[in-house]
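In what follows, chains carry the letters A, B, and so on, assigned in the order in which the sequence lines appear, proteins first and then strands, with residues in each chain numbered from 1.
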Amino acid sequence: MAKRREVLQAALAISVAPILNARAFWFAAPLNRPTRASSDEVMVDGLVFDNRFSESIEVSRSAARRGAKLHEIDGDVTALWYGHLDFHWRAHPGALAGITGPDALFVLENLAWDRRLRVAYRGIHSPPSGDFATHRLSGPPSLVEPMSPLWPYQSWTETLGRTLALWPGRSEAAKSIDVKTLDKNTSGRAANLISWVIVPRAWGLDPV
Amino acid sequence: MPKLPPGVSAQDFAAAVKLFKAAVGEEWVMTSDEDVNPYRDTFSTVWGTPDERIPAGAVSPTTVEQVQAIVRAANRYKIPLFPISTGKNFAYGGPSPNLSGSVIVDLKRMNKVLEVDEGRNFALVEPGVSYFDLYRYIQDRGLKVWIDCPDPGWGSPVGNSLDHGIGYTMGFFRDHFGAHCGMEVVLANGEVMRTGMGALPNAKSWQDFKYGYGPDPSGLFAQGNYGIVTKMGFRLMPQPEYYRTGLITVPKRQDFIQLVKTVNYMSDSSLIGEPLYGTPLRELMTNAAFRELLDKPGGPTDAEMDRAAAENNLHSWSVELQFYGPERTCLANWEYAKERFAQDIPGAKSAEGENLKVPLTPEQLHTAGGDFPSLSRRNTTQGVPSLGIWKTIGRTPGFPGFVSTEGPMEGHAGFIPIIPRTGEAVFEAQRVFGDAMREFDLPRFGSAIGTPVNWYQFAFQMGFVPSTSRNDPAHNAKVDKALRRMTEVCAEHGWGDYRSPPVYQDLVANVYSFNDHVLRRFNEMLKDAVDPNGILAPGRGGVWPQRFRGMRKI
């Protein structure tokens, strides 16, 4: 798996500006990730976003600013599977992040099992009710612990996008955290939205 | 979570696992909680209850020799095996076994397309080849043949056909088991057998002539448990030059009887592909008075339905016709259809659909055009596998139960019995299903506007596909009760289901009871003869080996 350092070095050869932006973002928000060791982190292979949900689009924009490659779906993962993942997961699978409806994750998780991959982070984002939304985040503590305390005070989609773009490379026992955010249901979403990261089983992270 | 096979000690199971590992390698014998989880039926109506079928583990071979080694080890330690191809037939049990404690033989790594012959129009594949894999193989080589795929298309031709799955193109190809031609099977004693011409050493026509000589046992391996299929041939449809659609509507309720007769004539003459029946009256479902009319015990009268149609300036029934072939013959068949329906049914009208050169463009594959809203899922009419149905299946008005906090759907169960291909049978089924379902607080199934599907060319099916939820045992229990009741009610009227999740297979097999269950007794006599240790898929299709016969649950 490519280390974050290697990704940065490779990217520098292509263009300096995006990396400077990414680094600026990284250092500008150190409190977001106080316990994460940057040398262990890997850039995700990509982030799948579901254009049916405005929150998913917001997360994708945040992840893209961090350098994540985006894969857009409208709930149907056929093109993603046939055109990309079927090959990629056979050849050299890494960490794939996403924020989609549960229907899309159902399909991807089933396909992932067949290729010896597992969901190692899962965030369940309930539809906002009244002025609040609830989120249950399960995964490696180095991912979910630093991310969640800031959510009540920041845009959770912004924080989540930044966080999912880089995946902690270390093996840790998973934990779950519940977070409540100030949120209005402006999009009329009725179902849960799920953020997730799928990684090779060989990486040794807990399934969630 | 994994369960030991019944009657097998932990020591014997461990010894068998050791032999499995020797056969396929350590990594591909899976016995942890996480390993077993994907082999549960996530759509099960008995999820999380003692009735749920939980495997002991899984083993995933890559070669026929490895399958043989697994079978021999299973015989030695009497381990029940449950073979799957890709295990994606959700609503029919997915990858889960009939018997808790079975070891799943997951054939997904046997995934080679062995041959596709464009001139003779066949394919020979291993069980782990998915419809996507076969489609890609054909596309990559520019071959002018079509697959006929189910929807979604992530299953395998072998697994789908062995469960009597269906597709959506021309009649012969829609019956996936009917369109198979030749198979290779590892028997319960570990021997490898080939059916049809494949029994002839150096056969030159294994995928051309399925019968060979003498009794053909291939049917035993579909919904059966007499062997593990390791290769299977399939007839493929030559890629047509054009695809055309058209719609016929008829004004009165009783016109449906002649509509079906004329469609049957065209279908059985190979003039059309899958006919898609519908009713323009469905748009009245927003009208409370119309819903009340449909809810009448015994159903509304023909006159009441005709009056509702006339008052709203609607026809009563529609059928969308699909034509495949050269442009001229597609047009000629459509012109013939219009003339024939106008002649057979007073007041019949037609609407033009599309006339498209094959292969369709990506845009044409996703959106059906024409002068009427198509009932087709376009990709399936073109033999193009898709996963998109997982997005839409939970969002149609017919499946309101799918909307839950977990998302638009969690699961569903399939009960789609076979009924005769006549208008009279459809009317009877509408009444019977509607009345029987009245006692259940579930989405409507069976009313005077219910229409059949014609997946199998020579039969109709009427569907009841209730939602299931892993988080709502009370709802699941209600669905379970309804499925059991509908199985009984259908049997009382001579209708039976064609496919079922493991938890209902005993129940369904039990209604095929002619002459004191002689079919089941015959199947089990065969089972005991060819699989004396009862290791292969005990319970599949309602067929239990002597050793486990007491496990049958009606």
Q. Taking only residues two or more places apart in sequence, or in another chain, which ones meet B:K108 in a salt bridge (Lys or Arg N to Asp or Glu O under 4.0 Å)?
A.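 So B:K108 forms a salt bridge (Lys or Arg N to Asp or Glu O under 4.0 Å) with A:D114, B:D106.
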Return the [atom1] to [atom2] distance between [X] and [Y], rounded to the nearest 0.5 Å.
X: A:L111; Y: B:T86; atom1: CG; atom2: OG1; value: 10.0 Å
X: B:T42; Y: A:E109; atom1: OG1; atom2: CD; value: 9.5 Å
X: B:F132; Y: A:D86; atom1: CZ; atom2: CG; value: 8.5 Å

Q: Looking only at non-hydrogen atoms, find the nearest pair between B:E27 and A:R116 and report the distance.
A: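 It is O-NH2, 3.1 Å.
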Q. Which heavy-atom pair separates B:N111 from A:R90 by the least distance, and what is that distance?
A.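 In terms of heavy atoms, the two residues are closest at ND2-NH1, 3.8 Å.
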Q: Tell me, yes or no, whether the heavy-atom count around A:H88 atom NE2, taken from other residues, nucleotides or ligands under 6.0 Å, exceeds 12.
A: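 More than 12 heavy atoms, drawn from other residues, nucleotides or ligands, come within 6.0 Å of this atom.
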Against chain A, label [X] side chain, backbone, both or neither, depending on which of its atoms sit under 4.5 Å from a heavy atom there.
X: B:R136; result: both
X: B:D133; result: side chain
X: B:P385; result: backbone

Q.
Using only non-hydrogen atoms and a strict under-4.5 angstrom cutoff, which residues of residues 72-82 of chain A touch chain B?
A.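 Result: A:D74, A:G75, A:D76, A:V77, A:T78, A:W81, A:Y82.
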